[in-house]
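Below: one structure, written as structure tokens.
The sequence lines fix the lettering, A, B, ..., with proteins before strands; numbering per chain opens at 1. Given the structure is predicted, the values throughout are model-derived calculations rather than measurements.
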Amino acid sequence: MAPFIIRRLFISFFVLLGATFIVYVLVASAGDPRNALLESTDPGKANKIAAMTRNLSLDVPIIPRYFAWLGGALGCLIGKCDLGNTASGAPVSGGLAVAMGSTLRLVVFALVIAIVVGVSIGMITALRQYSGLDYSVTFLAFLFFSLPVFWIAVLMKQFLAIKFNDWLKAPSIPPWVIVVTAVVAGLIAAGVVGGDRRRRLAAFGGASVAVALLMIYFAVTDWFAEPRIGPVAMIAMSAITAVAATALFAGFRSRIVLYATLVTAVVGVICYFALDSILADPTTLLVVGLLVLALIVGAGIGAAMGGLYRSQAVKACMLTAFGCGGLIFASQLLAALPAYSAKVNGVVVATIGATTPNFSGNFWETTLDQLGHLLLPTIAIVLISIAAYTRYTRSSMLEVMNADYIRTARAKGLTERTVVVRHGFRNALIPITTIVALDVGGLIGGAIITETVFGWSGMGKYFNDALKIPDPNAVMGFFLVTGTAIVLFNMIADITYGFLDPRIRLS
Amino acid sequence: MTVPPTTPPDDVPGGSVYGPAAEEATELFQIYEPPDGAELAAARGKSISSVGSVEVLKVEDLTVGFPTEDGLVRAVRGVSYSLHEREVLGIVGESGSGKSVSSMAVMGLLPKGARITGDISFRGTNILSMSKQEQRSLRGRKIAMIFQDPMTAMNPVYTVGFQLAEAVLSHEVMSKKAAMARAEEMLNLVGIPQPKERLNSYPHEFSGGMRQRAMIAMAVINNPDVIIADEPTTALDVTVQAQILEKLIEVKDAFNAAIVLITHDLGVVAGMAHRTLVMYAGRPVELGKTEDVFYSPRMPYTAGLLGSIPSAGETGRLRPITGAPPSLINLPDGCPFSPRCPLATDICRTVEPELAPTDAPDHLGACHHWDRLAAAPDPTAFFRTESEARR
Amino acid sequence: MSTEEKAAAAASAANGNGNGNGNGTAAQGLSIVARTQGQLVRRRFFRHRGAMISLTILVLVILLAYTSIGFAGIPGWWIWNYYTPGKVVNRGAPTLSLWPTFLGGDGFAIGEHPFGQDDLGRDYFALTMRGAQISILIAFVVGIVGTLIGVIIGALAGYYRGWVESGLMRFTDVMITIPILVIAAVLGQKFGGAGPLVLAIVIGLVLWTGLARLIRGEFLSLREKEFVEAARALGAKPTRIIFRHILPNTVGVITVAATLLIANAILLETALSFLGFGVRAPDTSLGLLVSTYQNAFATRPWLFWWPGLFIITIALTVNFIGDGLRDAFDPRQNRVRA
Ligand SMILES: Nc1ncnc2c1ncn2[C@@H]1O[C@H](COP(=O)(O)OP(=O)(O)OP(=O)(O)O)[C@@H](O)[C@H]1O
Ligand code: SF4
Ligand SMILES: [Mg+2]
């Protein structure tokens with residue numbers, strides 16, 4: 001493996017080098033950054049022009065200027081980064097680091113959601129090929145493919161932020177909303193469950209009644225005015241998590257795994273009551289620590305109780321523990337919502353920026369503030385990437401499910417769940433992982449529009465502002481990061497491919 | 001499928017119309033059938049154990065249709081057969097005649113859209129009316145299957161040992177270690193050297209023959225009563241084919257299993273099967289003891305099939321049946337073979353013949369004119385000359 | 001890879017079978033109809049309902065855009081043009097009304113300015129149509145240029161191998177390293193002032209990488225096929241082999257990829273114009289219109305809805321056509337096997 005990686009690194013390095021040359025020459029020749037100043041009536045403009053000429057070495061011809069820049073940039077390899085100065089004289093590396101952190105915060109979160117949701121939907125639609133659900137999802141996927149981000153962003157700002165915040169001040173749920181939501185939930189459930197008409201009708205009825213009851217409960221108790229996860233809800237949801245985790249990893253043929261996850265859920269519910277005081281105003285470190293602890297406890301329970309099904313039990317229990325931890329976290333967050341809302345005058349879902357300016361509060365309030373700002377851009381990114389993941393997964397899963405070895409797996413008498421997950425999904429994962437890895441590399445530089453629309457001062461905005469000038473050093477700073485990310489993830493894609501597919505596992 | 005030029009009877013060197021063809025036919029049979037019936041029985045006695053009297057699998061009037069854009073594909077129409085303990089039933093027929101589809105129906109592995117009617121019973125209980133769960137627990141445990149292409153039949157991302165152990169674990173509660181031990185035992189049984197090390201190999205590290213051995217191991221690992229082998233050797237090197245078949249028989253005897261052997265290779269059927277079922281366009285057209293079907297076919301299609309195999313003694317000319325099988329969506333009226341059949345008369349084009357006893361009660365044929373074949377001294381040669389005369 | 005080959009083999013086998021019937025007397029009574037690959041593809045495409053509806057809508061939109069206000073000096077049938085300011089009537093609200101009177105609406109009426117007017121009193125229907133013209137023009141030019149270059153580079157790399165291949169593919173790698181939006185924005189900044197056509201061509205010049213890789217892959221597998229070997233053995237020249245033997249077999253892949261390229265190009269153009277690196281005023285494009293009026297959404301939403309609706313319609317229909325073409329050329333995903 002090592003020689004392969006080294007070879008790839010070597011090639012990638014020169015590929016990146018070539019790309020920097022192209023970008024540099026194009027940007028440097030795209031226009032003279034001093035033009036805006038030349039036209040201005042600023043009295044000190046001669047000085048400013050001179051300063052900019054110095055900052056960007058505009059008196060040097062483009063090619064030598066590129067090599068001068070390259071010399072500084074190559075310093076990064078030995079820890080002495082010099083990416084030059086921006087037009088205004090600040091060092092590129094400083095501003096870039098800040099922008100990068102901001103972008104990563106936005107992208108990573110969105111990406112995880114998009115992958116998990118997109119892959120799940122893709123799998124379900126593949127297994128229910130040619131059903132109403134499949135057609136609807138296909139249509140929606142094409143719609144999202146065709147949506148300009150900036151256009152949907154404007155709509156979201158209006159309806160998910162401004163209108164929603166207004167609604168939250170005096171939340172009331174009109175009956176028609178309950179009916180529509182219940183019907184949609186029922187249709188989705190029926191589509192996911194599939195099978196014959198009776199099965200689908202049962203699913204439709206069950207899901208729509210459940211959702212309707214839940215909404216009526218919300219409406220009657222005015223839940224949204226003071227949202228919380230009460231003890232009863234906590235117990236119910238932990239149990240559901242346990243059952244779902246069991247269904248996903250082991251099925252119910254042997255009860256052992258179910259018992260293990262249920263025990264985990266019970267521990268989770270106990271923590272829900274016990275941790276209240278510790279979680280009043282925790283540090284981030286504490287929260288992360290608790291999550292890790294939860295996973296360890298889950299694994300322990302699974303290992304202790306799993307018996308012959310140990311490995312499945314460990315996985316299922318860890319998932320249950322994670323779910324319970326998430327529920328406790330959510331319940332604390334919701335509890336802090338009224339106080340937060342009062343502090344920010346009801347602007348719970350923000351439309352611009354990464355935080356409310358000059359905001360201060362406890363851990364839960366600052367978390368809420370960040371989440372409120374992350375919400376819209378995250379949805380935007382999720383919407384546009386989820387469509388692609390859904391389609392990739394669907395087609396790759398369809399291809400795999402037609403393979404001979406799936407037939408063999410069925411002929412062995414494996415349960416359908418094992419056939420789909422262990423044999424189908426595991427193989428479909430090979431191309432999906434590759435594509436996702438390639439995508440991730442592109443996403444870091446691809447958030448340009450999203451960041452612009454939502455006033456997020458990350459890499460995208462940095463690039464956008466720099467190119468307007470045009471400021472070659474700043475653009476190159478941006479490109480160095482995004483280009484490296486692409487090259488790196490290209491490599492990661494290759495390596496994971498080799499890792500997932502024993503046929504090309506390298507010796 | 002192209003139609004090679006056929007020679008009119010006059011071109012056959014040697015004068016008489018029946019003479020040379022008959023000689024050829026004898027040669028033809030020599031490659032896979034010992035000339036003497038007693039010798040045949042002796043050979044069988046060595047390799048094929050005696051057939052039990054208990055019926056393990058019974059298929060009755062099975063039909064399978066696939067609704068498609070172009071219409072209903074009637075892939076199987078009215079297949080019936082029974083399989084006794086330790087029996088080997090050969091199923092032969094042209095590509096697309098429904099051999100695989102009918103056996104997939106027995107396994108319960110047809111796609112969701114397939115329309116299945118009829119009865120399939122395993123030791124007296126109807127499989128088709130079982131719950132999904134019951135069907136699943138039968139699959140791989142009581143009825144196992146071996147597929148044609150060992151290259152693609154195994155999951156590339158898991159080790160052979162894992163895939164074998166998985167077959168055990170899906171039907172029995174035992175530790176992984178015990179399942180692996182059983183897998184090793186099976187690999188050993190099917191003749192894979194160093195089975196312990198080979199457990200950790202991936203399928204791509206096996207040769208085709210070894211993979212098919214592993215598939216056989218996978219099929220018998222749960223000690224099944226019935227093994228369905230769908231063209232188990234077609235994808236293999238000729239030199240390996242014989243070994244694999246030998247292994248299959250050996251393993252079958254070790255486990256007292258019955259086999260449904262699907263193949264294109266009439267030689268294989270002749271050498272291994274107790275009884276033979278011939279299928280054409282989704283229909284069973286002839287069923288009987290292998291030697292009856294081969295020595296005295298009672299359906300022109302079977303006779304044609306027997307005449308289309310290359311043989312060592314032949315002069316290089318093949319005699320495939322002219323024409324192509326009918327579309328399964330628009331079947332012709334009457335006998336589906338009538339457009340290609342040299343013996344066809346008007347009744348053949350209007351009334352579809354039933355599968356009915358011919359000259360022996362256990363030799364069934366679906367042909368209005370089986371008696372004309374019976375009257376001919378050598379039905380295969382008779383079919384050939386008749387079809388050449390038609391041209 | 002192997003499954004693809006198998007599918008291809010199966011398809012050609014099926015064809016061979018169909019044709020083979022022709023020469024025997026036994027063909028009567030059989031209903032296997034011999035169909036050429038082209039006929040099969042066409043039939044499958046015409047059966048794809050989504051693609052057919054999309055094709056109809058797209059053609060209508062293109063006709064509407066280019067005939068209404070005219071193009072390249074040829075006058076259209078719409079009374080307003082997109083550049084002359086006028087008097088703003090009723091805050092520029094649209095006069096289009098589709099709601100029938102018996103449902104409490106104003107009945108069907110087009111009115112003076114069906115899509116409304118912008119701040120300067122220009123007719124917004126005319127502006128939207130101009131935007132659509134430019135966006136469509138750019139998308140198609142980008143699609144054509146990108147496809148041409150992608151096919152040429154992919155074909156050369158796939159056919160010749162050796163240093164030609166490694167050189168071209170390394171160059172492709174270099175281009176892939178630069179995010180599309182980044183390189184397009186840089187080019188837009190440089191060439192955006194020179195008009196939409198120039199912009200489209202330069203963007204097409206960098207948007208071929210995916211296609212080149214795809215075509216190279218196709219060529220690599222096709223050049224090993226027997227019919228190519230045979231042609232080579234018969235002494236055919238490389239150009240003849242490429243154009244007569246290999247290229248026709250990649251038509252499906254190319255068509256589908258080109259369609260999807262066009263769909264991407266539409267969104268790319270709107271994004272560039274939105275960021276200010278694409279089409280510049282006084283000309284306009286759908287992206288530029290959305291960008292200009294995004295803040296007017298709360299007060300004059302029609303300025304935002306109309307161009308957005310046209311972007312989505314065009315992109316969606318092109319995507320669906322691409323999907324229909326893919327299904328038509330490669331129906332393997334639709335087949336369920338026993
Ligand atoms: N899922 C399906 N949908 C539609 N038609 C099908 C399906 N599966 C099989 N068929 C059709 O059923 C017919 C019988 O196929 P089958 O696979 O049983 O043939 P076979 O006798 O096994 O042939 P071969 O010797 O080539 O394996 C074929 O015409 C095939 O096209
Ligand atoms: S029934 Fe008629 S057509 Fe059919 S096989 Fe017999 S003779 Fe031929
Ligand atoms: Mg078959």
Side-chain angles (χ1 to χ4, degrees), chain A residues 11-12 14-23 26-27 29-31 129-130 135 138-139 142-143 145-155 157-158 162 394-395 398-399 402-404 407 441-442 444-446 448-449 452-453 460 463-464 467-468 470 475 478-479 482-484 486-487 490, chain C residues 3 50 54 170-171 173-183 185-191 193 206 260 263-264 266-267 270-271 274-277 286-287 290-291 293-295 297-298 301 304-305 307-309 311-320 322-323 332-338:
Chain A
I11 294 175
S12 304
F14 283 98
V15 164
L16 197 58
L17 216 59
T20 56
F21 179 75
I22 294 178
V23 176
L26 281 176
V27 177
S29 63
Q129 197 189 8
Y130 300 143
Y135 285 123
T138 302
F139 181 79
F142 276 104
L143 187 65
F145 268 140
S146 316
L147 281 181
V149 198
F150 50 87
W151 192 77
I152 194 77
V154 173
L155 291 187
K157 283 184 186 178
Q158 183 69 16
I162 300 173
R394 178 178 180 273
S395 66
L398 279 180
E399 175 123 26
N402 266 333
D404 283 357
R407 193 178 55 184
I444 294 170
I448 299 177
I449 300 177
T452 313
V453 198
F463 167 75
N464 205 4
L467 186 60
K468 285 247 158 73
V475 172
F478 166 87
F479 174 66
T482 54
T484 309
I486 290 181
V487 166
N490 248 310
Chain C
T3 47
S54 297
R170 284 299 92 78
F171 180 55
D173 286 347
V174 167
M175 296 304 290
I176 282 178
T177 311
I178 312 173
I180 301 269
L181 191 57
V182 170
I183 185 115
V186 172
L187 289 172
Q189 170 77 346
K190 199 165 151 67
F191 296 102
V206 295
L260 298 180
N264 283 337
I266 289 177
L267 292 183
T270 54
F274 176 82
L275 291 176
F277 300 123
L286 294 175
V290 173
S291 165
Y293 296 113
Q294 54 173 323
N295 294 325
F297 182 63
F304 172 81
W305 282 115
L309 217 59
I311 297 176
I312 296 174
T313 308
I314 298 169
L316 192 60
T317 49
V318 176
N319 267 322
F320 265 113
D323 190 49
R332 138 178 73 109
Q333 276 194 0
N334 300 330
R335 239 181 287 151
V336 184
R337 205 177 26 173

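The minimum heavy-atom distance linking C:Ala263 with C:Ala315 is given by the pair CB-O, 4.4 Å. Of all non-hydrogen atoms in A:Val15 and C:Arg170, the two that sit nearest each other are CG2-CD, 4.3 Å. Of all heavy-atom pairs spanning A:Val487 and A:Leu16, the tightest one is CG2-CD1, 4.0 Å.
When heavy atoms are compared at a cutoff of 4.5 Å, A:Phe142 approaches chain C by way of both its backbone and its side chain. Contact annotation for A:Val149: neither backbone nor side-chain heavy atoms come within less than 4.5 Å of a heavy atom of chain C. Only the side chain of C:Leu187 comes within contact range of chain A, with heavy atoms under 4.5 Å apart. Contacts of A:Phe479 with chain C are made by side-chain atoms alone, with heavy-atom separations under 4.5 Å and no backbone atom involved. A:Leu26 touches chain C through backbone and side chain together, each having a heavy atom under 4.5 Å away. Heavy atoms of A:Lys157 lying under 4.5 Å from chain C are absent altogether. In this structure, no portion of C:Phe191 lies under 4.5 Å from any heavy atom of chain A. Using a 4.5 Å cut-off between heavy atoms, C:Ile312 contacts chain A through both its backbone and its side chain.
The aromatic rings of A:Trp151 and C:Trp305 sit perpendicular, their planes meeting at an angle over 60°, well past the 30° parallel limit.
C:Val318 has its side chain out of reach of C:Ser54: every pair of non-hydrogen atoms, C-beta onward, lies at least 4.5 Å apart. Residues A:Val154 and C:Val290 are not in side-chain contact: their nearest non-hydrogen atoms beyond the backbone lie 4.5 Å or more apart. Counting heavy atoms from C-beta on, the side chains of C:Leu267 and C:Ile311 come closer than 4.5 Å. Looking at A:Phe150 and C:Leu275, their side chains never come closer than 4.5 Å, going by heavy atoms from C-beta outward. Using a 4.5 Å cut-off on side-chain heavy atoms (C-beta onward), C:Thr177 and A:Asn490 make no contact.
The most heavy-atom pairs under 4.5 Å with chain C, out of A:Thr20, A:Ile152, A:Leu17, A:Ile486, come from A:Ile486. Among C:Gly287, C:Ala271, C:Ser291, the residue making the largest number of heavy-atom pairs under 4.5 Å with chain A is C:Ala271. Your options are A:Ala19, A:Gly483, A:Pro470, and the one with the most heavy-atom pairs under 4.5 Å with chain C is A:Ala19. Residue with the most contacts toward chain C among A:Ser29, A:Ser12, A:Ala153: A:Ser29 (heavy-atom pairs, distance under 4.5 Å). Here A:Leu155 is the residue among A:Thr452, A:Val27, A:Leu155 with the most heavy-atom pairs under 4.5 Å with chain C.
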